[in-house]
Chemist: 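Dropping the structure in here first, questions after.
Just so it is clear, the values below take in all heavy atoms, side chains as well, and ignore hydrogens, waters and symmetry mates.
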There are 2 protein chains.
Amino acid sequence: MTDYKSPFQSITWEESHISIIDQTFLPEREVRIDLKSPGQVWDAIKKLKVRGAPAIGITGGYGFYLGINELRENKFDTFYSEAQRIADYLGSARPTAVNLTWALKRLMATIYSQKDKPIDEIKKTVLNTAITIHEEDRRLCKAIGEHGETLIPKNANILTHCNTGGLATGEYGTAHSMILHGHQAGKVKQVWVDETRPLLQGARLTTWELKKAEIPFKLIVDSASGILMQKGLVDLVVIGADRITKNGDTANKIGSYNLAVLANAHDIPFYVAAPYSTIDMSLESGDQIEIEERDADEVTHFANKSTAPKKTQVFNPAFDVTPHNLITAIITEKGIIKPNYKKHFEELFSV
Amino acid sequence: MTDYKSPFQSITWEESHISIIDQTFLPEREVRIDLKSPGQVWDAIKKLKVRGAPAIGITGGYGFYLGINELRENKFDTFYSEAQRIADYLGSARPTAVNLTWALKRLMATIYSQKDKPIDEIKKTVLNTAITIHEEDRRLCKAIGEHGETLIPKNANILTHCNTGGLATGEYGTAHSMILHGHQAGKVKQVWVDETRPLLQGARLTTWELKKAEIPFKLIVDSASGILMQKGLVDLVVIGADRITKNGDTANKIGSYNLAVLANAHDIPFYVAAPYSTIDMSLESGDQIEIEERDADEVTHFANKSTAPKKTQVFNPAFDVTPHNLITAIITEKGIIKPNYKKHFEELFSV
């Protein structure tokens, strides 16, 4: 297996600062910006210049280092409490982003574990840990792609939903990594990109990523997936995941369940590609996942223009749950998992 | 059965001119405009101020009368050739609109059948025929609603797609007429409205029509239909039809097939409501219907703002075909038709 490099890096560490692709300019322009202080990082996370759970965690980690590196405290106790203040501040940019909280907690634990070391040395360790968080994400995304690629037949037409690529992660992405590695192996004929209403992550971001990787694709409205499957123009579907329960039920962007039902009705393989950490063994099944509803405005407005009568009532669920029996395989960095998911997950988690 | 009047009239004949709801102002404002000449009618059709196949035919019919009524010719031959010129002119506003061509041909045939009558009398007959075209559409839409209503259970949650209401027809609509009459009978709890990408006819027009009729509804993105069915929140699906083939296969707005597959997977009745004239006995099955592709811009742009990278390739089919085996019943003005459609259609057409 050759060492495939993805065609862009959404986040890079440049010795003394962070460089990111400012996603608010996409897809029209590719603009890189430098983040040189915790304030700039907070702003970038808050204003969605960087988005996608892993990407936010990685950027937050580097941002935390930028903050603690400026501290002039010489004593551990005051250094530690100032570091906590910086972690709290950065975490407040996107309180619901689990990866951000996780990265900041991990870096605070790193500091604490080094409490007997000189402050300068602790600072270096924090930077190394932030780089490690980034590297770990790169490696796991790459592993997902390498495992998933083996499931792609020759000359494949692949349908995907939402955005699961390098913009949202350290590099490569999840479902997108499988497509990238399949393309590198010469097996991808074309990708069908669901535009993914209401926020159009497919139209805006996935198309941009595929264009960068020079992979042939066509954009469709979400409800054109059926006709493509009916006409034999889809060989497999692959999506990412927000959360996977103990039995394999998978929560992901609204519309994922529709694709799973359609794929099943047409005997088309339906794959979920996600980090192992997405599997939540504390939940028995998808019934236990509460569906989050998002603002009506996402559906009733576009570019500040109204698309529906005033005061229109909306049902706008953020995600849906695909039951395990509609999922052909789940691909994580640890390999390809096939049904019975519950049995295989229990084996994996007991190691 | 009480005589239900719909809450608005999209087209009315006002003794010497036409009054229409200018649909380009919807859903934000309800604006009525007067059309007093064939030029104004041509403009209204061309600029989509009036849209929907039956509505265009009806407006074109009245517009034709406005044109021939102005003619000062006393001899039938010159009157007839001037009338043909007006028909050609109006037909050119929307050359692919079958109902428009049909209405104009019918009115030209009316003139010809009266060729021995005084010109003034012919003019009156043309107006009466234009009014009849409108009345016939009203009656058939009402009949569709009255038949369809009997299929609605008490306390029903109904899911519908695209726009099938009074805006697009003489009055009541097709699938929408079934909902209106079900509401009048006190059986409709709520309507789920698919926004219907790419042109958002559901979000813009169906919501407006339901609001006028004071029927409770919620707007959803097209791909939220699955989660609603999964959670038991849909009791039936009803859509309109562009064309129905001899075996019952139904071409309709893109996304209709997805709904049919999903409804089938959840054991939810899936109904098609359309005029009898939509049944095309010259086509054996849906395989013979060529899928029309529309402009990429419909998907890549909204309100002049781009939603995808430049030069993005798009697959934008106007409609899809739902195979007959996924359709629970087809409702026309002649009654409810259940499978085997081919057998029942042949019986109906042989009468």
Chemist: For the residue pair B:D320 and A:S223, what are the closest heavy atoms and their distance?
Modeler: OD2-O, 4.4 Å

Chemist: With only heavy atoms counted, which part of B:L228 is less than 4.5 Å from chain A, the side chain, the backbone, both or neither?
Modeler: side chain

Chemist: Do A:V221 and B:D222 make a side-chain contact, defined as non-hydrogen atoms from C-beta onward lying under 4.5 Å apart?
Modeler: no

Chemist: Select one option (side chain, backbone, both, neither) describing which atoms of A:S256 are under 4.5 Å from chain B's heavy atoms.
Modeler: neither

Chemist: When only pairs under 4.5 Å are counted, which of A:Q230, A:K211, A:K305 shares the most heavy-atom pairs with chain B?
Modeler: A:Q230

Chemist: Determine the minimum heavy-atom distance between B:N258 and A:I227, stating which atoms define it.
Modeler: OD1-N, 4.4 Å

Chemist: Considering only residues two or more places apart or on different chains, which pairs with a residue in residues 211-262 of chain A satisfy ring-ring contact (aromatic ring centres under 6.0 Å, His included)?
Modeler: A:Y257-B:H266

Chemist: Mind checking the CD1-CD1 spacing from B:I254 to A:I220? Nearest 0.5 Å is all I need.
Modeler: 8.5 Å

Chemist: Select one option (side chain, backbone, both, neither) describing which atoms of B:A224 are under 4.5 Å from chain A's heavy atoms.
Modeler: both

Chemist: Non-hydrogen contacts under 4.5 angstrom with chain A: give the residues of residues 306-316 of chain B involved, or none if there are none.
Modeler: B:S306, B:T307, B:A308, B:P309, B:K310, B:T312, B:Q313, B:V314, B:F315

Chemist: Given heavy-atom pairs under 4.5 angstrom as the criterion, report whether the side chain, backbone, both or neither of A:I291 touches chain B.
Modeler: side chain

Chemist: I'd like to know whether NZ of B:K189 has more than 12 heavy-atom contacts from other residues, nucleotides or ligands below 6.0 angstrom.
Modeler: no

Chemist: At under 4.5 Å between heavy atoms, what parts of residues 238-248 of chain B are in contact with chain A? List them by residue number.
Modeler: none

Chemist: Under a 4.5 Å heavy-atom cutoff, which of A:L210, A:V299, A:T322 has the most pairs with chain B?
Modeler: A:V299

Chemist: By a 4.5 Å heavy-atom criterion (distance strictly below it), what part of A:K231 contacts chain B: side chain, backbone, both, or neither?
Modeler: side chain

Chemist: What parts of residues 193-208 of chain B touch chain A if we use heavy atoms and a cut-off under 4.5 Å?
Modeler: B:E195, B:R197, B:P198, B:L200, B:A203, B:R204, B:T207, B:W208

